[in-house]
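We number each residue from 1, following the sequence as shown. Just so you know, these numbers come straight off a predicted model, no measurement behind them.
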Amino acid sequence: MVEFTHLNLEVSKLTEKRYRKICKWFNKHKFTLGILKFSYGILPYIVAISYFILLILLLIYNDIFSVVFLKALLVPLGTFILVTALRQILNFKRPYELLDIKPLIKKSTKGHSFPSRHTASAFIIAMTFLYVNQSSGIIFLIFSVMIGLSRFLTGVHFLRDVLIGALISIIIGSIFLFII
């Protein structure tokens with residue numbers, strides 16, 4: 001047990017050191033920091049608004065009970081509920097709670113780090129766009145990657161939070177949008 005604790009401490013120190021390097025790099029490259037802040041703060045709103053516009057357009061051009069509209073509505077909703085429940089049950093701490101780091105973006109939320117809900121939401125919306133229109137789906141997948149990376153690079157989520165959030169949405173989207 002002592003060996004494991006020692007190993008955990010060493011990994012923590014390595015992570016803190018790596019994160020400080022990331023912060024230093026972004027603070028030195030202001031344009032890139034601006035892109036990171038855009039990806040963190042503005043891009044999720046663009047994705048969410050686009051999703052609601054997609055739902056409205058699907059309602060205009062389809063019946064409310066059409067398979068396309070119901071999948072576009074219910075699959076992201078179910079994914080959001082699942083990820084929210086997982087975060088509540090697991091209640092993993094955030095990097096700035098466990099490590100001696102200050103996030104690049106002002107954030108003080110405690111716990112609920114795993115999985116990243118922003119990343120999961122962005123990816124399931126991207127999968128929905130992919131289901132409806134392949135070209136827009138690819139664009140939204142790129143946005144999702146940017147959102148996920150911004151959550152990790154700003155220090156508000158661990159890499160595992162972002163990867164699992166994306167993976168959950170990709171699996172659920174693949175099964176419920178494309179297979180079933």
In the structure I gave you, are the side-chain heavy atoms of [X] and [Y] within less than 4.5 Å of one another anywhere?
| X | Y | result |
| --- | --- | --- |
| S135 | I139 | no |
| P95 | I101 | yes |
| R151 | P44 | yes |

Audit row: M127, S174, side-chain contact (heavy atoms from CB on, under 4.5 Å) steps and yes/no
CA-CA 8 Å; M127 295 294 289; S174 297; 3.6 Å; yes
Shortest non-hydrogen contact between [X] and [Y], atoms and distance:
| X | Y | answer |
| --- | --- | --- |
| P115 | L86 | CD-CB, 3.9 Å |
| T128 | L54 | CG2-CD2, 4.0 Å |
| E16 | D100 | OE2-N, 3.1 Å |
| I22 | L153 | CG2-O, 3.9 Å |

In Å and rounded to the nearest 0.5 Å, what is the [atom1] to [atom2] distance from [X] to [Y]?
| X | Y | atom1 | atom2 | value |
| --- | --- | --- | --- | --- |
| Q134 | L141 | CD | CG | 10.0 Å |
| L59 | I64 | CG | CD1 | 5.5 Å |
| H112 | F92 | NE2 | CZ | 12.5 Å |
| L149 | I35 | CG | CD1 | 12.5 Å |
| I46 | I147 | CD1 | CD1 | 8.5 Å |
| I105 | Y96 | CD1 | OH | 12.0 Å |

Going by side chain to side chain contact (heavy atoms under 4.5 Å, CB included), V83 matches just one of T119, I168, I172. Which one?
I168
Please check if atom NZ in K37 has more than 12 non-hydrogen atoms from other residues, nucleotides or ligands closer than 6.0 Å.
no
Pairs meeting criterion ring pair (Phe, Tyr, Trp, His ring centres under 6.0 Å) with involvement of residues 149-173, two or more places apart
none
F140: which residues meet the ring-ring contact (aromatic ring centres under 6.0 Å, His included) condition with it, sequence neighbours left out?
F129, F143
By ring-ring contact (aromatic ring centres under 6.0 Å, His included), which residues pair with F26, not counting sequence neighbours?
none
Which ILVMFWY residues can you reach from F80 by hopping between side chains whose heavy atoms are under 4.5 Å apart?
none
Checking one residue: L57. Which other hydrophobic residues are in its cluster under the side-chain 4.5 Å linking rule?
I49, I53, I56, I60, Y61
Check: A166 main-chain N/O paired with S169 side-chain donor or acceptor under 3.5 Å:
no
Is a side-chain donor or acceptor of E97 paired with a backbone partner of G111 at a separation under 3.5 angstrom?
yes
Going through the checks in order, is the side-chain contact (heavy atoms from CB on, under 4.5 Å) test met by L43 and F38?
CA-CA 6 Å; L43 205 48; F38 172 82; 3.9 Å; yes
Can a side-chain donor-acceptor contact be found between R94 and T109 if the only test is distance below 3.5 angstrom?
no
Could you check whether R87 makes a cation-pi contact with F114, meaning its NZ or CZ is under 6.0 Å from the centre of the six-membered ring and within 45° of the ring axis?
no
List the atom pairs, donor and acceptor, that lie under 3.5 Å between side-chain atoms in residues 66-79 and the rest of the protein, sequence neighbours left out.
residue: S66; atom: OG; partner: D63; partner atom: O; Å: 3.0
residue: S66; atom: OG; partner: F69; partner atom: N; Å: 3.2
residue: K71; atom: NZ; partner: L177; partner atom: O; Å: 3.4
residue: K71; atom: NZ; partner: I180; partner atom: O; Å: 2.4
residue: T79; atom: OG1; partner: V75; partner atom: O; Å: 2.8

D161 with R117: basic N within carboxylate O range, under 4.0 Å
no
Over 60° means perpendicular and under 30° means parallel, so classify the ring planes of Y131 and F178, tilted if in between.
perpendicular
Verify the cluster assignment for I42 and Y51: are they in a single hydrophobic cluster under the rule of side-chain heavy atoms below 4.5 Å apart?
yes
